[in-house]
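These notes concern the structure reproduced below.
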Amino acid sequence: MLFTAVFENRDLFISGALMTLGLSAGGWLVAVFTAVLLVAMRISPRPAFRLAGTGIVEFVRNIPPIVIVFFVYFGLPGAGIRISSFSAVVIGVGFYGGALMSEALRSGVSSLPRGQYETALATGMSYLQAMRWVVLPQAIRIVIPPLGTETINLIKNTSLGAAVSAGEIMGNANLVGSRTFAYAAVFVATGIVYICLTWPIALGVNTLERRWSWK
């Protein structure tokens with residue numbers, strides 16, 4: 001049968017899918033933290049923070065994510081910092097995704113009336129409190145679709161873990177393919193796994209968008 005190689009190596013596919021889930025979850029947390037931090041920097045009243053935030057985003061946007069993964073995994077040990085392949089992918093993919101998410105989030109913040117931010121400050125809130133309780137909750141509702149898209153891209157970018165032997169689904173698929181030479185079946189199955197991981201995200205985003213658009 002065409003998918004015999006996949007069935008016989010199902011343990012590798014299952015473990016790879018679970019590792020991809022773990023990388024995605026960790027990377028998403030890093031991405032959200034990075035995105036919020038960069039947005040706060042880019043709309044800060046301090047010019048130095050705005051310049052630094054803009055510089056980071058523009059730099060990251062214009063390089064492939066694998067450069068960041070390789071820097072973390074291969075570059076940092078030169079400075080005495082050794083990081084596991086799992087952590088390298090989480091940090092690299094998460095930081096890259098966070099920079100892209102920050103652009104979507106910043107557009108949402110920019111679309112809000114300036115008066116809301118100023119009113120929050122007038123009530124005695126600090127800059128960070130105004131961002132946390134007034135600005136960001138409204139901005140996130142506006143940019144749910146692009147944030148969902150970046151989340152899906154982040155899941156797919158975990159395939160870069162194959163380059164540093166992280167044991168995710170793409171790396172394990174390569175391993176099965178090299179053993180069985182059934183590359184067609186192996187990569188069709190790999191594509192199906194990615195669809196199973198990303199399709200629920202797309203459905204969830206669509207549901208949130210419809211629900212919040214009615215409010």
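Taking hydrophobic clusters as Ile, Leu, Val, Met, Phe, Trp and Tyr residues chained together by side-chain heavy-atom distances below 4.5 Å, I169 does not share a cluster with I66. Residues L175 and L18 are members of one and the same hydrophobic cluster, defined by side-chain heavy-atom contacts under 4.5 angstrom among Ile, Leu, Val, Met, Phe, Trp and Tyr. One hydrophobic cluster, built from ILVMFWY side chains closer than 4.5 Å, cannot hold both L37 and L51; they sit in different ones. M19 and V193 end up in different hydrophobic clusters when Ile, Leu, Val, Met, Phe, Trp and Tyr side chains are linked at under 4.5 Å. In terms of hydrophobic clustering, with Ile, Leu, Val, Met, Phe, Trp and Tyr side chains grouped at heavy-atom distances under 4.5 Å, L105 and I201 are assigned to a common cluster.
A distance of 12.5 Å separates CG in L38 from OG in S44, rounded to the nearest 0.5 Å. The distance from atom CZ of R61 to atom CD1 of I56, rounded to the nearest 0.5 Å, is 14.0 Å. Taken to the nearest 0.5 Å, the OG atom of S178 stands 5.0 Å off from the OH atom of Y183. The distance from atom CD1 of I68 to atom CD1 of I63, rounded to the nearest 0.5 Å, is 4.0 Å.
Applying the side chain to side chain donor-acceptor pair (under 3.5 Å) rule to T180 yields no partners; only residues at least two apart in sequence or on another chain are considered. With sequence neighbours left out, the side chain to side chain donor-acceptor pair (under 3.5 Å) criterion links R179 to no other residue.
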Donor-acceptor pairs are to be reported for all side-chain atoms of residues 82-95 against protein atoms at under 3.5 Å, with residues two or more places apart or in another chain.
| residue | atom | partner | partner atom | Å |
| --- | --- | --- | --- | --- |
| S84 | OG | S87 | N | 3.2 |
| S84 | OG | S87 | OG | 3.1 |

Let me have the donor-acceptor pairs involving side chains of residues 7-16, under 3.5 Å, with sequence neighbours excluded, atom names and distances please.
| residue | atom | partner | partner atom | Å |
| --- | --- | --- | --- | --- |
| N9 | ND2 | A5 | O | 2.8 |
| R10 | NH1 | F7 | O | 2.8 |
| S15 | OG | D11 | O | 3.1 |
| S15 | OG | L12 | O | 3.1 |
| S15 | OG | N172 | ND2 | 3.3 |

Enumerate donor-acceptor pairs with a distance under 3.5 Å from any side-chain N or O in residues 150-157 to protein atoms, sequence neighbours excluded.
| residue | atom | partner | partner atom | Å |
| --- | --- | --- | --- | --- |
| T151 | OG1 | W28 | NE1 | 3.2 |
| T151 | OG1 | L147 | O | 2.9 |
| N153 | ND2 | T149 | O | 3.4 |
| N157 | ND2 | N153 | O | 3.3 |

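The minimum heavy-atom distance between V205 and P145, with the atom names listed, is CG1-CA, 3.9 Å. Shown here for S24 and T158, the closest heavy-atom pair between the two residues is OG-CG2, 3.7 Å. The two residues G108 and I142 have their closest heavy-atom pair at O-CD1, 4.0 Å. Of all heavy-atom pairs between A104 and S107, the closest is O-OG, 2.5 Å. Minimum interatomic distance between M101 and A35 (heavy atoms only, all atoms of both residues): CB-CB, 3.7 Å.
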M170 and T190: side chain to side chain contact (heavy atoms under 4.5 Å, CB included), yes or no, with the steps?
CA-CA 7 Å; M170 182 59 73; T190 302; 4.2 Å; yes
Evaluate L197 against L21 for side chain to side chain contact (heavy atoms under 4.5 Å, CB included), listing each step before the verdict.
CA-CA 8 Å; L197 295 178; L21 279 174; 3.5 Å; yes
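Side chains of R46 and M41 form no contact here, defined as non-hydrogen atoms less than 4.5 Å apart. For the pair V186 and F3, the minimum side-chain heavy-atom distance is 4.5 Å or more. The shortest distance between side-chain heavy atoms of F187 and N174 falls below 4.5 Å. Counting heavy atoms from C-beta outward, L160 and P65 have side chains that approach closer than 4.5 Å. R42 has its side chain within reach of V57: a pair of non-hydrogen atoms, C-beta onward, lies under 4.5 Å apart. Inter-residue side-chain proximity for V67 and Y96 is flagged as unmet; no heavy-atom pair is nearer than 4.5 Å. Side-chain contact between I43 and R50: absent, with no pair of heavy atoms (C-beta onward) separated by less than 4.5 Å.
Other members of the hydrophobic cluster containing L203, listed by chain and number, are I195, W199; membership follows side-chain contacts under 4.5 Å among ILVMFWY residues, whether direct or relayed.
Residue T34 forms a side chain to side chain contact (heavy atoms under 4.5 Å, CB included) with just one option from V30, V36, V32, and that option is V30.
A donor-acceptor pair under 3.5 Å links the side-chain atoms of E168 to the main chain of G171, judged by distance alone.
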